[in-house]
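Note that the structure is a prediction, hence the values are computed from the model and not measured.
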Amino acid sequence: MRQLIHAAQAHWQGCDWPTRFGPRNLDLAGIRSRQAKLAAKATRGEEATGWAEAVAWLAEVENDAAQAAGLAERAFCEAELAKWVAASDLLQQAESLEAKYGQLDGYQQVREAFQRWFASNSQL
């Protein structure tokens, strides 16, 4: 379970998938908001506007990724204390954040593993 959480956290830290963002169809895969901010400052006109919009969107993606990572960590701690409902709720929140982007399934895999873990521990 811990390894799946770490894998989901490592896989999603920002926009880690191909995109066609805005009217200029920017591919933001692997670009962080701080990099987009530099591009916005280095360009002019419509291109600068596109990069500025990308900054805001990338910051949201990065924030959601960090929030999901924290929720998964908390869920693991709750599960270790046999607080299954709380852990499940936290994982559902992480998965919902991830689902907003439609390209990822790491926290879904964590939730599914958690359900198997819960089932095996509830039989003890």
Given side chains that start at C-beta, do those of [X] and [Y] come closer than 4.5 Å, heavy atoms only?
X     : Y      : result
His11 : Asp16  : no
Trp12 : Asp105 : no
Ile5  : Phe114 : no
Glu53 : Phe21  : yes

Check your understanding: Just wondering, more than 12 heavy atoms not from Lys83 lying within 6.0 Å of its NZ?
Key -> no
Do any N or O atoms from the side chain of [X] and from the backbone of [Y] form a donor-acceptor pair under 3.5 angstrom?
X      : Y      : result
Gln109 : Leu4   : no
Ser33  : Trp57  : no
Glu98  : Tyr107 : yes
Gln35  : Arg32  : yes
Asp27  : Arg20  : no

Review point. Do Val55 and Val61 belong together in a cluster built from hydrophobic side chains that touch within less than 4.5 Å?
Key: no
Point to revise | Shortest non-hydrogen separation from Ala79 to Ala87 and the atoms involved | key: N-CB, 3.8 Å
Practice item. Describe, in one word, how the ring planes of Trp117 and Trp84 are oriented to each other, choosing from parallel (under 30°), tilted (30 to 60°) and perpendicular (over 60°). Key: perpendicular
Exercise for review: Before accepting this row, confirm whether a basic side-chain N of the pair Glu73/Arg2 lies closer than 4.0 Å to the acidic partner's carboxylate O.
Suggested key: yes
Exercise for review: Apply side chain to side chain contact (heavy atoms under 4.5 Å, CB included) to Asp89 and Gln92, showing your working.
Suggested key: CA-CA 5 Å; Asp89 288 347; Gln92 182 60 49; 5.6 Å; no
Check your understanding: CG/Leu104 to CD/Glu95 distance, rounded to the nearest 0.5 angstrom?
Key -> 11.5 Å
Practice item. Nearest 0.5 Å please: distance from the CZ atom of Arg24 over to the OG1 atom of Thr43. Key: 8.0 Å
